[in-house]
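Inspection log for the structure reproduced underneath, given as structure tokens.
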Amino acid sequence: QVQLVESGGGLVQAGGSLRLSCAASGSIFSTSVMGWYRQAPGQQRELVATIGSGGRTNYVDSVKGRFTISRDNAKNTVTLQMNNLKPEDTGVYYCNARQPLHVYWGQGTQVTVSA
């Protein structure tokens, strides 16, 4: 079983920065594709960024150049550095661990960006 615990959300003004962290328990972290997703009020959950076990990254176009995803396999953590935040980045951010036969989710952390 894998448990994911996010931290680092909060309220920030537009143009500011936040750093989200996700701590994973369990032994499958190093082989999982890790990701961050977000869900704005009334919207579907959407992919923000992913990072493979070898470090390959992928970002949704709207965050390219502003967000950076990274992972530390020794510490079982994945982080999302968010710079130049915009009001449209507001939402609940979820950590995600993907294995071939199972997907795990954290409980989410709120990010609110004021104009």
Side-chain angles (χ1 to χ4, degrees):
Q1 186 71 12
V2 174
Q3 290 186 325
L4 305 174
V5 179
E6 302 100 333
S7 61
L11 172 64
V12 66
Q13 288 186 332
S17 298
L18 283 174
R19 184 178 179 89
L20 305 183
S21 293
C22 173
S25 65
S27 60
I28 65 169
F29 179 87
S30 63
T31 61
S32 297
V33 176
M34 300 300 299
W36 288 94
Y37 289 69
R38 67 187 178 191
Q39 188 166 19
Q43 303 286 327
Q44 290 188 335
R45 193 173 297 187
E46 66 167 353
L47 169 69
V48 176
T50 61
I51 183 166
S53 58
R56 183 172 183 174
T57 59
N58 178 57
Y59 298 91
V60 67
D61 286 346
S62 61
V63 308
K64 287 181 179 177
R66 300 188 297 122
F67 291 11
T68 302
I69 188 171
S70 60
R71 66 190 294 161
D72 186 335
N73 288 339
K75 296 182 178 179
N76 283 9
T77 58
V78 59
T79 61
L80 185 69
Q81 178 66 43
M82 306 186 294
N83 298 326
N84 191 21
L85 282 160
K86 303 177 180 180
E88 52 264 42
D89 295 317
T90 293
V92 179
Y93 282 67
Y94 297 90
C95 181
N96 168 280
R98 185 176 300 275
Q99 285 277 303
L101 297 179
H102 203 90
V103 176
Y104 302 90
W105 292 94
Q107 82 287 352
T109 184
Q110 177 70 44
V111 171
T112 303
V113 184
S114 62

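Just so it is clear, the values below take in all heavy atoms, side chains as well, and ignore hydrogens, waters and symmetry mates. What you see is a predicted model, and the numbers here were worked out from it, not measured in a lab.
- Other residues, nucleotides and ligands contribute more than 12 heavy atoms inside 6.0 Å of the CD atom of E46.
- In this structure, Y59 contributes its side chain and I69 its backbone to a donor-acceptor pair below 3.5 Å.
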Practice item. Could you walk me through whether T79 and S70 pass the side-chain hydrogen bond (donor to acceptor under 3.5 Å, both in side chains) test, one step at a time? Key: CA-CA 5 Å; T79 61; S70 60; 2.6 Å; yes
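- In this structure, S25 contributes its side chain and V2 its backbone to no donor-acceptor pair below 3.5 Å.
- Under the 4.5 Å side-chain criterion, counting only non-hydrogen atoms from C-beta, L80 is not in contact with R19.
- In this structure, the side chain of Q99 does not engage the main chain of V103 through any donor-acceptor pair within 3.5 Å.
- In this structure, CD in Q81 is found 6.0 Å from OG in S17, a value given to the nearest 0.5 Å.
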Point to revise | Audit row: V78, W36, side chain to side chain contact (heavy atoms under 4.5 Å, CB included) steps and yes/no | key: CA-CA 9 Å; V78 59; W36 288 94; 4.0 Å; yes
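- Checked against side chain to side chain donor-acceptor pair (under 3.5 Å), D89 has the following partners two or more places apart in sequence or in another chain: R38, R66.
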Exercise for review: Please assess V60 against L47 for the test side chain to side chain contact (heavy atoms under 4.5 Å, CB included), listing each intermediate value before the final yes or no.
Suggested key: CA-CA 7 Å; V60 67; L47 169 69; 5.5 Å; no
Practice item. Carefully, step by step, assess C95 and M34 under the rule side chain to side chain contact (heavy atoms under 4.5 Å, CB included). Key: CA-CA 7 Å; C95 181; M34 300 300 299; 3.9 Å; yes
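- Contact between A24 and L4 at its shortest, heavy atoms only, is CB-CD2, 3.5 Å.
- A side-chain donor from one of R71 and N73 sits under 3.5 Å from a side-chain acceptor of the other.
- When all heavy atoms are compared, the tightest approach of V113 to T90 is N-OG1, 2.9 Å.
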**Study point:** Worked verdict on Q110 versus Y93 for side chain to side chain contact (heavy atoms under 4.5 Å, CB included)
**Key:** CA-CA 6 Å; Q110 177 70 44; Y93 282 67; over 6 Å; no
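- Judged purely by atom type and a 3.5 angstrom limit, S32 has no side-chain atom pairing as donor or acceptor with the backbone of A97.
- For the pair R45 and Y94, the cation-pi criterion (under 6.0 Å, within 45° of the ring axis) is fulfilled.
- Atom CZ of residue F67 and atom OG1 of residue T57 lie 14.0 Å apart, to the nearest 0.5 angstrom.
- The environment of CD in Q44 is sparse: at most 12 heavy-atom neighbours from other residues, nucleotides or ligands sit within 6.0 Å.
- Counting only heavy atoms from C-beta outward, the side chains of N96 and V33 never approach each other to under 4.5 Å.
- For the pair L85/L18, a side-chain contact is recorded, criterion being any heavy-atom separation below 4.5 Å from C-beta on.
- Using a 4.5 Å cut-off on side-chain heavy atoms (C-beta onward), V12 and T112 make no contact.
- Contact between A14 and P87 at its shortest, heavy atoms only, is CB-CD, 4.1 Å.
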